[in-house]
Undergrad: 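First the structure, which I've put down as structure tokens, then a few questions once you've had a look.
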There are 2 protein chains.
Amino acid sequence: MTAEARAAASPLTERQEARRRGILQAGAQLAGRGGFEAVQMREVADAAGVALGTLYRYFPSKIHLLVAVMQDQLQHLRLTLRRRPPAGEGPAERVAETLMRAFRALQREPHLADAMMRALTFADRGVSPEVDAVSRLTTAIILDAMELEDPTQEQLSVVRVIEHTWHSALITWLSGRESIAQVKRDIETVCGLIGPAADTR
Amino acid sequence: MTAEARAAASPLTERQEARRRGILQAGAQLAGRGGFEAVQMREVADAAGVALGTLYRYFPSKIHLLVAVMQDQLQHLRLTLRRRPPAGEGPAERVAETLMRAFRALQREPHLADAMMRALTFADRGVSPEVDAVSRLTTAIILDAMELEDPTQEQLSVVRVIEHTWHSALITWLSGRESIAQVKRDIETVCGLIGPAADTR
DNA sequence: CGCTAATCTAGAACAAGTTTCAGACTTGTT
DNA sequence: AACAAGTCTGAAACTTGTTCTAGATTAGCG
């Protein structure tokens, strides 16, 4: 548990922490079974052994819940990547490899991916802080892969464009309008923006 | 045969065409006033002077309706662009100019933009044909700006990446997590993929 | 321990998207 | 003109996200 979470909201007790985790797990499980629409708040509450009102105290909407699930998944991904970092030669290759690894993980759980991505892009201003946390995590993962400490404005814009492409390509794939091969190509294409070697000229 | 297949096959009568336009206009008007959530199907039906069941016969869901509104807007945009094409020197400049013009138009109607974009990215497989039509229109607008007749696979992937960036940057702007200036920079950055003039690599 | 405030539960209630249905109206055909 | 098929209306019903309430439970504290 981070110090920020403690500072932002009043710290959760042990049982509350357990409840929160149970809710997240129930949500992820239902999402994995049937995607966004299968995550029904009454069922989540049931599966987590918690009253509906309590669920809403922890996560003020279905979108909040699914964005939190996504944050959870990204944290796992980041740890996995720390243990086995991408092995490409340049930053562009490493970012592409990182995203393709994430993509393959999502392909194994397309329903979960559907629920998370739909929630993320449908989120309105009321969920901005949470969506922003997800976005910062994604940025951090990409910057990790680039092995960049101190990005310039241009590099940050490139990273944003990569994130945009990543999100939108996933959505397009999930709705059946783009193939796995096309997503792969899109990722490789956008990674071309990173440039083959930033400081050779 | 499905209802859609029939609708696509058999042309609408005059009155039906008028009803359809009335519904689209009512939808766009409500969307312009209060965004996605302000488009309530009962109100749309009311404003269009049509029964709820009829509204659902023309547009089988709120998402379908808003995606159709978007298609309508894109068709207008394309005509406008035909009349006054972008004047940049290279394809990259012209695409950026085109997208920035569209962006400025959306800034004038942020609520409408919200309703259309949220519908577009939230659409599931059941709306794929309609979303695909919007996507093809967008692609056509970009290819128009590039003045490209016969794009290669690589060029098509670049166009897809531009579209992804365009959609996702708009969503991010609409939810208040990215500024107008950042969206502009993202557009210019991704247009860098088009390559300055003739590619020499 | 005993008190107070916060939290949790069960369940009803509400809101908006969607479905359904019986009856009225249009349209095209003979 | 008369009929059959399809379309539209008005209204109720159903679904699922969200809110609300009254009472039970828990946590922190003197």
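Numbers restart at 1 for each chain; the letters A, B, ... are given by sequence-line order, proteins then strands.
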Undergrad: From CG of A:L66 over to C1' of D:dG17, roughly how many Å is that when rounded to an integer?
TA: 12 Å

Undergrad: Could you state the atom-to-atom distance from CG of B:L65 to P of C:dA16 in whole Å?
TA: 17 Å

Undergrad: I need the CD-P distance between A:E17 and C:dC8, as an integer number of Å.
TA: 12 Å

Undergrad: Given atom CZ of B:R19 and atom P of D:dT7, what is their separation to the nearest angstrom?
TA: 11 Å

Undergrad: Side chains of B:D124 and A:R118: closer than 4.5 Å at any heavy-atom pair?
TA: yes

Undergrad: In whole angstrom, give the distance that lies between atom CD of B:E14 and atom P of D:dT7.
TA: 17 Å

Undergrad: Rounded to whole angstrom units, what separation is found between the CD atom of A:Q16 and the P atom of D:dA27?
TA: 9 Å

Undergrad: Hey, which of these two, A:T13 or B:L55, hits DNA chain D nearer its 5' end, going by closest nucleotide?
TA: B:L55

Undergrad: Please check this pair: side chain of B:E109 against backbone of B:L106, looking for a donor-acceptor N/O pair closer than 3.5 Å.
TA: no

Undergrad: With a 4.5 Å cut-off on side-chain heavy atoms, are B:V190 and B:V158 touching?
TA: no

Undergrad: Between A:R57 and B:F36, name the one whose nearest nucleotide on DNA chain C is closer to the 5' end.
TA: A:R57

Undergrad: Produce the list of close N/O pairs, under 3.5 Å, pairing protein atoms with atoms of nucleotides 10-16 of chain D; give distances to one decimal.
TA:
{"residue": "D:dT16", "atom": "OP1", "partner": "A:Q40", "partner atom": "NE2", "Å": "3.2"}

Undergrad: Find which nucleotide of DNA chain C each of B:Y56 and A:T54 is nearest to by heavy atoms, and output the residue with the more 5' nucleotide.
TA: A:T54

Undergrad: Any luck finding a side-chain donor-acceptor pair between A:S157 and B:T189 under 3.5 Å?
TA: yes

Undergrad: Hey, mind stepping through B:R42 and B:D46 against salt bridge (charged side-chain N to carboxylate O under 4.0 Å, His left out) and telling me if it holds?
TA: CA-CA 6 Å; B:R42 283 171 246 254; B:D46 246 34; over 6 Å; no

Undergrad: Does B:Y58 make a side-chain N or O approach to OP1 or OP2 of D:dT7 shorter than 4.0 Å?
TA: no

Undergrad: Figure out the CD/C1' separation between B:E43 and C:dG17, and round it to whole Å.
TA: 13 Å

Undergrad: Look through every strand shown and name the nucleotide pairing with C:dT30 as Watson-Crick or G-U wobble, where both distances are under 3.5 Å.
TA: D:dA1

Undergrad: Just call it for B:S61: base, sugar-phosphate, or nothing, with non-hydrogen atoms closer than 4.0 Å on any strand.
TA: sugar-phosphate

Undergrad: Answer yes or no for B:K62 and B:F36: cation-pi contact, defined as NZ/CZ to six-membered ring centre under 6.0 Å and angle to ring axis within 45°.
TA: yes

Undergrad: Under 4.0 Å between a side-chain nitrogen and a carboxylate oxygen: does that hold for A:E178 and B:R160?
TA: yes

Undergrad: Nearest whole angstrom, please: distance from the P of D:dT9 to the CG of B:D46.
TA: 11 Å

